[in-house]
Amino acid sequence: MNTYRGKRIVVLGGAGFVGSHLCERLLAADAEAVTAVDNLATGDERNLVGLKNEARFDFVKHDICAPIPVRSPVDFVFNLASPASPADYAVLWLETMRTGSEGTLRGLELAQEKKAIFLQASTSEIYGDPLVHPQPESYSGNVDPTRPRSVYDEAKRYGEALVSAFRRSRGVSTRIVRIFNTYGPRMRLNDGRVVPAFVGQALRGEDFTVFGDGKQTRSFCYVDDMVEGIARLGASDVADPVNIGNPDERTMLEFAEAVRAAAGGGGKIVHQPLPEGDPKQRKPDITRAKALLGWEPKVSLVDGLAKTVAFFKTRV
Ligand SMILES: NC(=O)c1ccc[n+]([C@@H]2O[C@H](COP(=O)([O-])OP(=O)(O)OC[C@H]3O[C@@H](n4cnc5c(N)ncnc54)[C@H](O)[C@@H]3O)[C@@H](O)[C@H]2O)c1
């Protein structure tokens with residue numbers, strides 16, 4: 001069954017990296033209308049050029065911290081609006097907190113008014129620097145509310161609490177996806193995340209900058225797999241949080257070598273001090289996503305990096 005056929009869908013943060021891919025995925029699933037609402041704080045209208053002749057698609061430039069101006073009926077609200085990289089939220093400190101709190105509130109109010117299903121994009125950052133590995137949804141995290149990254153992870157934790165309160169007290173049908181590191185075309189070259197940083201360095205023939213000893217791990221999910229997981233969760237009736245991410249865990253050193261192989265270039269590895277609060281390891285436990293959504297990632301790191309490098313060649 002195609003849940004999205006004939007549905008009217010609002011994607012908050014729809015001009016961003018993941019949001020723009022989600023808009024395309026929902027239109028491909030025969031949605032009647034998809035409206036991206038985005039203030040372009042960290043997004044880019046170029047992400048939407050492929051949709052500019054699509055009659056079922058609409059873009060509204062708007063800050064979701066203000067009431068969201070959608071007059072037509074809505075069946076689903078997907079909330080992906082938020083600065084998402086440490087480099088972005090280290091500039092947009094208060095905007096990140098406001099978007100995660102007031103913006104999520106506005107999105108939930110829209111969903112309540114329209115009797116729409118609301119899906120919240122949360123994050124693996126809510127696990128902080130985890131003491132349990134891999135991280136199942138039942139793990140409540142190891143966080144610090146005053147470290148620099150807290151503007152992001154505390155806003156996201158608050159967002160999950162707010163979503164849960166709207167479900168319990170106002171009857172809004174809600175979903176929460178905990179997104180782990182995602183990569184692919186349309187990331188910004190200078191957004192500070194490790195994938196564009198390494199690919200940019202490889203394509204320019206520069207040295208790879210590795211923070212700390214490079215033995216810290218991350219697990220990278222290709223964007224098509226991520227969007228498929230989000231779409232399946234939206235179509236399900238699962239109210240509890242669900243991890244979506246790729247459990248293929250790599251050290252930063254291994255990852256730099258994978259990028260070198262994909263891009264066919266890059267210099268030596270240069271170490272720099274580890275940023276404050278940088279988690280030592282991250283790996284999703286995706287048992288719940290497999291059992292409840294029948295989802296697991298399909299795209300290998302080699303294939304995903306090949307597509308990502310091809311995209312960044314057009315930007316470097
Ligand atoms: N990409 C990842 O690895 C990752 C990991 C965990 C969670 N997430 C979550 O997924 C979502 C999308 O992340 P992304 O990587 O696509 O980031 P992104 O920065 O590319 O996209 C976020 C979008 O939200 C928009 N936005 C920010 N504040 C807004 C506001 N107040 N009003 C309207 N629009 C606003 C930005 O302009 C941008 O287009 C975010 O909520 C992020 O926290 C992403």
Side-chain angles (χ1 to χ4, degrees), residues 13 15-21 38-44 46-47 80-97 99-100 121-129 144 147-156 179-204 206-214 216-223 226 245 250-256 258-260 262-263 266-267 269-282 304-305 308-309 311-316:
F17 158 51
V18 181
S20 60
H21 285 277
D38 198 302
N39 68 352
L40 302 179
T42 56
D44 190 333
R46 282 184 299 175
N47 292 339
L80 281 82
S82 173
S85 93
D88 285 336
Y89 46 82
V91 177
L92 302 167
W93 299 94
L94 299 179
E95 292 86 345
T96 301
M97 296 208 78
T99 302
S122 190
T123 170
S124 57
E125 291 282 329
I126 65 115
Y127 300 120
D129 191 1
D144 173 350
R147 66 183 183 145
R149 297 168 86 109
S150 66
V151 293
Y152 181 66
D153 53 48
E154 294 296 337
K156 288 288 187 182
I179 298 176
F180 282 66
N181 288 64
T182 303
Y183 73 100
R186 300 189 195 146
M187 296 187 93
R188 282 174 298 130
L189 205 49
N190 58 350
D191 80 358
R193 292 187 264 197
V194 65
V195 176
F198 280 173
V199 175
Q201 287 169 333
L203 293 178
R204 289 188 297 261
E206 296 169 3
D207 292 343
F208 293 102
T209 309
V210 169
F211 295 105
D213 62 8
Q216 70 275 33
T217 64
R218 294 292 182 276
S219 311
F220 294 99
C221 184
Y222 188 65
V223 65
M226 176 55 58
R250 308 282 173 125
T251 66
M252 285 298 115
L253 294 173
E254 286 168 346
F255 190 63
V259 172
R260 189 198 300 281
I269 289 180
V270 176
H271 294 268
Q272 283 196 2
L274 205 57
E276 187 183 344
D278 197 56
K280 285 181 274 308
Q281 50 184 12
R282 272 292 165 66
L305 276 178
T308 307
V309 166
F311 167 79
F312 278 117
K313 278 186 176 162
T314 68
R315 296 283 162 100
V316 169

Trainee: Before accepting this row, confirm whether a basic side-chain N of the pair Asp44/Arg186 lies closer than 4.0 Å to the acidic partner's carboxylate O.
Mentor: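 No, no charged N to carboxylate O under 4.0 Å.
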Trainee: Heavy atoms only: give me the nearest Ser82-Thr96 pair and the separation to one decimal.
Mentor: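 Taking Ser82 first and Thr96 second, the nearest heavy atoms are OG-CG2, 4.5 Å.
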Trainee: Which pair of non-hydrogen atoms, one from Gly304 and one from Tyr183, has the smallest distance, and what is that distance?
Mentor: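 Shortest heavy-atom separation between Gly304 and Tyr183 comes out as CA-OH, 3.3 Å.
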Trainee: Any side-chain to backbone donor/acceptor pair from Asp191 onto Asp88? Under 3.5 Å, distance only.
Mentor: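 No, the answer is negative, given that no donor and acceptor are paired below the 3.5 Å cut-off.
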Trainee: Quick one: do Arg149 and Glu125 make a salt bridge, cutoff under 4.0 Å?
Mentor: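 Salt bridge: yes.
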Trainee: Indicate the ring-plane relationship of Phe208 and Phe198, choosing parallel, tilted or perpendicular according to the 30° and 60° boundaries.
Mentor: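 Phe208 vs Phe198 ring planes: perpendicular.
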Trainee: Output all residues satisfying salt bridge (charged side-chain N to carboxylate O under 4.0 Å, His left out) with Arg260, sequence neighbours left out; order by chain, then residue number.
Mentor: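 Scan of Arg260 (salt bridge (charged side-chain N to carboxylate O under 4.0 Å, His left out), adjacent residues dropped) gives Glu257.
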Trainee: Taking Gly214's backbone N and O only, do any of them form a donor-acceptor pair with Gln216's side chain (distance below 3.5 Å, no angle check)?
Mentor: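 Judged by distance alone, yes, a pair lies under 3.5 Å.
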Trainee: Let me see the working for Phe17 and Thr42 under side chain to side chain contact (heavy atoms under 4.5 Å, CB included), right down to the final yes or no.
Mentor: CA-CA 9 Å; Phe17 158 51; Thr42 56; over 6 Å; no
Trainee: Asp207: what forms a salt bridge (charged side-chain N to carboxylate O under 4.0 Å, His left out) with it, not counting sequence neighbours?
Mentor: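 Asp207: salt bridge (charged side-chain N to carboxylate O under 4.0 Å, His left out) contacts with Lys268.
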Trainee: Between Asp153 and Arg147, is there a side-chain heavy-atom distance shorter than 4.5 Å?
Mentor: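 The answer is yes; the side chains approach within 4.5 Å.
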Trainee: Quick one: does Gln201's side chain have a donor or acceptor within less than 3.5 Å of a partner on Thr209's backbone?
Mentor: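 Confirmed, Gln201 side chain pairs with Thr209 backbone.
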